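What you see is a predicted model; the values in this text were computed from it and never measured. Just so you know, residue 1 is the first one in the sequence shown, and it goes up from there. Order of listing sets the numbers, starting from 1, for every ligand and every atom in it.
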Amino acid sequence: MKIVVIGGTGLIGSNLVKKLREQGNEAVAASPRSGVNSVTGEGLANVLKGASVAVDVTNSPSWEDAPVLKFFETSTRNLLAYEAAAGVGHHVVLSVVGTERLLESGYFRAKLAQENLIKTSKNPYTIIRATQFFEFVKQIVDYSAEGNKVRMPPALIQPMAADEVVSATARIATNPPVNGTVEIGGPEQFRLDELARRFLAAHSDPREVITDPHGRYYGIEVSERALVPDTTAQLGETRFESWLALSAAQIPSAHLKRSAVAAATMEQESHERAS
Ligand SMILES: NC(=O)c1ccc[n+]([C@@H]2O[C@H](COP(=O)([O-])OP(=O)(O)OC[C@H]3O[C@@H](n4cnc5c(N)ncnc54)[C@H](OP(=O)(O)O)[C@@H]3O)[C@@H](O)[C@H]2O)c1
């Protein structure tokens with residue numbers, strides 16, 4: 001089965017391409033680096049030729065209100081139109097649990113617009129809503145840091161390993177479209193302030209986390225259950241503590257996400273050279 005991964009060089013995309021190939025699929029990584037741009041339409045017709053499935057794991061280069069909305073709207077409209085023209089039978093997209101509860105943020109308004117374009121299209125689809133990746137915890141902390149203090153709300157969060165986002169996405173992409181939304185999440189719930197404390201302690205980061213009900217999650221106030229999935233969500237098995245122990249031992253925290261992407265991209269490039 002030919003599966004095109006739009007955003008196939010990103011954290012999720014590069015590992016998804018690898019996983020789909022291991023499972024015997026013809027997975028193609030598409031992104032501006034390989035001459036495919038979902039915003040301008042460049043390269044889309046060609047890469048989608050003969051594809052059964054397209055998985056959209058792109059992210060916007062800017063998270064400012066207007067550019068992020070323009071990115072997800074334009075990119076999604078283009079993907080849906082080019083996929084319909086190429087006869088692609090399943091559009092899969094990665095979105096975020098609780099999006100409709102986070103609309104104070106321009107980023108989540110853009111993700112909701114992306115979901116709505118898909119739901120109102122004629123393309124067969126599956127929307128996957130994932131909780132926050134473990135790999136994203138550092139960014140959440142950094143965003144709320146002021147000098148040596150990090151103000152965090154005690155809201156609940158149920159984060160998951162990016163690896164398990166990849167496995168779930170591969171499974172969903174190789175099954176028929178559900179024309180609806182599937183939620184995925186981690187095995188445990190934490191309070192955001194406590195999660196931040198554990199992350200900083202594991203990385204010997206001296207910043208102090210202050211519990212503040214008005215503290216912010218990526219710039220916005222969140223209610224207690226805004227970030228947690230439904231009881232019907234499919235849950236991963238990797239525990240935060242296990243991931244944390246490995247990641248803190250192996251990689252300096254500042255390079256966590258970049259290293260994960262670089263490793264998967266190198267492996268993908270060597271695979272492409274070999275085939
Ligand atoms: N972070 C979280 O905790 C979380 C939770 C749930 C869901 N999600 C969702 O997961 C998705 C993927 O996130 P990620 O962290 O894997 O993203 P990422 O590492 O930032 O990767 C973004 C990808 O998008 C590609 N891209 C950017 N502009 C493009 C364009 N014009 N045309 C085609 N591709 C383009 C990039 O290609 P280049 O490398 O060529 O620039 C890259 O491959 C996002 O949509 C996000 O909303 C994230």
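Scanning Thr74, Val39, Val57, Thr58 for the heavy atom closest to atom 45 (O) of ligand 1 points to Thr58. For the residues Gly185, Pro32, Gly41, the heavy atom positioned nearest atom 29 (C) of ligand 1 is part of Pro32. When the heavy-atom distances from atom 7 (C) of ligand 1 to Ser38, Ser95, Ala130 are ranked, the shortest goes to Ser95. For atom 17 (O) of ligand 1, the nearest non-hydrogen atom from the set Asn59, Val97, Leu79 belongs to Asn59.
When each of Glu241, Gln158, Arg239 is checked for a side chain to side chain contact (heavy atoms under 4.5 Å, CB included) with Glu188, only Arg239 meets the rule.
Both the backbone and the side chain of Phe133 come within contact range of ligand 1, each with a heavy atom under 4.0 Å. Within the 4.0 Å heavy-atom criterion, neither part of Trp63 lies near ligand 1. Only backbone heavy atoms of Val36 (N, CA, C or O) come within less than 4.0 Å of ligand 1; its side chain stays farther off. Counting heavy atoms closer than 4.0 Å to ligand 1, residue Thr131 contributes backbone atoms (N, CA, C, O) but none from C-beta onward. Of the heavy atoms in Lys111, only side-chain atoms (C-beta onward) come closer than 4.0 Å to ligand 1.
By the 4.0 Å N-to-carboxylate-O rule, Glu194 lies close enough to Arg197 to be salt-bridged with it. The pair Asp193-Arg198 does not count as a salt bridge, with every side-chain nitrogen at least 4.0 angstrom from each carboxylate oxygen. Between Asp163 and Lys19 there is no salt bridge, since none of the side-chain N atoms of the basic residue sits less than 4.0 Å from a carboxylate O of the acidic one. Arg191 and Glu224 are joined by a salt bridge, as a carboxylate oxygen and a charged side-chain nitrogen come within less than 4.0 angstrom of each other.
Residue Ile12 has at least one heavy-atom neighbour below 4.0 Å for each of these atoms of ligand 1: 16 (O). In summary, the atoms of ligand 1 found under 4.0 Å from a heavy atom of Asn37, numbered by their order in the structure, are 30 (C), 31 (N), 32 (N).
Not a single N or O atom of Ile6, backbone or side chain, sits closer than 3.5 Å to an N or O atom of ligand 1.
Figure legend: cation-pi geometry between Lys111 and Phe72, with NZ or CZ positioned under 6.0 Å from the six-membered ring centre and within 45° of its axis.
For Phe190 and Phe240, the gap between ring centers is short of 6.0 Å.
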